[in-house]
Peer 1: 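Quick one: the structure is below, questions incoming.
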Amino acid sequence: MHLARVDGQLACEVERGRYAEAVEELSTLLVEHPLRERVCDLFVTVLYGAGRQSDAVTIYLTTSHLPRQLQSPRFVFRRRFALRSAYCV
């Protein structure tokens, strides 16, 4: 439950355009939960919004393949589509 709450708070920060404020916390969450798709999506968006486009691309390319090893093909398709959408912004 705690992770879902933190995830929601960070999503609100992103919606408000407070990218720089969310970078550090999302970076930590991504290390702790690399398969959590929402954290990856938010982190790519935050890096891009903070002017760190090359870092956003790197995270996208290094995390977009992870769930394929552990999840169902349907999940992988949804996650890849969401990250691709963030990547193509």
Side-chain angles (χ1 to χ4, degrees):
M1 187 59 113
H2 171 72
L3 184 56
R5 184 177 50 80
V6 171
D7 187 298
Q9 289 174 341
L10 289 168
C12 287
E13 291 294 315
V14 171
E15 288 177 17
R16 292 183 184 125
R18 297 180 181 166
Y19 304 117
E21 293 87 346
V23 169
E24 186 175 334
E25 192 164 358
L26 280 166
S27 176
T28 301
L29 281 176
L30 186 61
V31 169
E32 294 171 1
H33 307 280
L35 297 178
R36 188 159 174 96
E37 67 179 307
R38 183 67 176 146
V39 173
C40 294
D41 295 346
L42 286 172
F43 194 48
V44 168
T45 302
V46 162
L47 288 172
Y48 187 87
R52 296 173 55 184
Q53 287 83 4
S54 64
D55 292 334
V57 170
T58 300
I59 294 299
Y60 169 75
L61 294 175
T62 58
T63 62
S64 64
H65 73 284
L66 292 176
R68 280 183 253 170
Q69 300 164 357
L70 303 172
Q71 303 291 331
S72 71
R74 184 176 174 189
F75 173 82
V76 171
F77 177 76
R78 286 194 319 248
R79 182 171 191 279
R80 291 186 72 208
F81 180 76
L83 279 175
R84 189 176 301 127
S85 296
Y87 175 65
C88 293
V89 168

Peer 1: Applying side-chain contact (heavy atoms from CB on, under 4.5 Å), name anything that partners Ala20, two or more places apart in sequence or on another chain.
Peer 2: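 For Ala20 there are no side-chain contact (heavy atoms from CB on, under 4.5 Å) partners, ignoring immediate neighbours.
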Peer 1: Run the side chain to side chain contact (heavy atoms under 4.5 Å, CB included) check on Ile59 and Cys40 step by step: do they pass?
Peer 2: CA-CA 8 Å; Ile59 294 299; Cys40 294; 5.5 Å; no
Peer 1: Search all heavy atoms of Leu42 against all heavy atoms of Asp7 and return the closest pair with its distance.
Peer 2: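 Answer, listing the atom of Leu42 first, then Asp7: CD1-O, 3.9 Å.
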Peer 1: Main chain of Asp41, side chain of Thr45: is a donor-acceptor contact present, judged purely on distance under 3.5 Å?
Peer 2: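 Flag set: sc Thr45 to bb Asp41 pair under 3.5 Å.
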Peer 1: Within this structure, what is the CZ-CG distance for the pair Arg38 and Leu29, rounded to the nearest 0.5 Å?
Peer 2: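 The CG atom of Leu29 is 12.5 Å from CZ of Arg38, to the nearest 0.5 Å.
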Peer 1: If a pair satisfies salt bridge (charged side-chain N to carboxylate O under 4.0 Å, His left out) and one of its residues is in residues 20-32, list it, with sequence neighbours excluded.
Peer 2: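 Not a single pair qualifies under salt bridge (charged side-chain N to carboxylate O under 4.0 Å, His left out).
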Peer 1: Sequence neighbours excluded and cut-off under 3.5 Å, please list the side-chain donor-acceptor pairs for residues 49-58, or say none.
Peer 2:
residue: Arg52; atom: NE; partner: Asp55; partner atom: OD2; Å: 2.8
residue: Arg52; atom: NH2; partner: Asp55; partner atom: OD2; Å: 3.0
residue: Gln53; atom: NE2; partner: Tyr48; partner atom: O; Å: 3.4
residue: Thr58; atom: OG1; partner: Ser54; partner atom: O; Å: 2.9

Peer 1: My understanding is that only one of Val46, Leu47, Leu26 makes a side-chain contact (heavy atoms from CB on, under 4.5 Å) with Tyr19; could you say which?
Peer 2: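 Only one option passes, and that is Val46.
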Peer 1: Are Phe43 and Val23 close enough that some pair of their side-chain heavy atoms sits under 4.5 Å apart?
Peer 2: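 Phe43 vs Val23: side chains touch.
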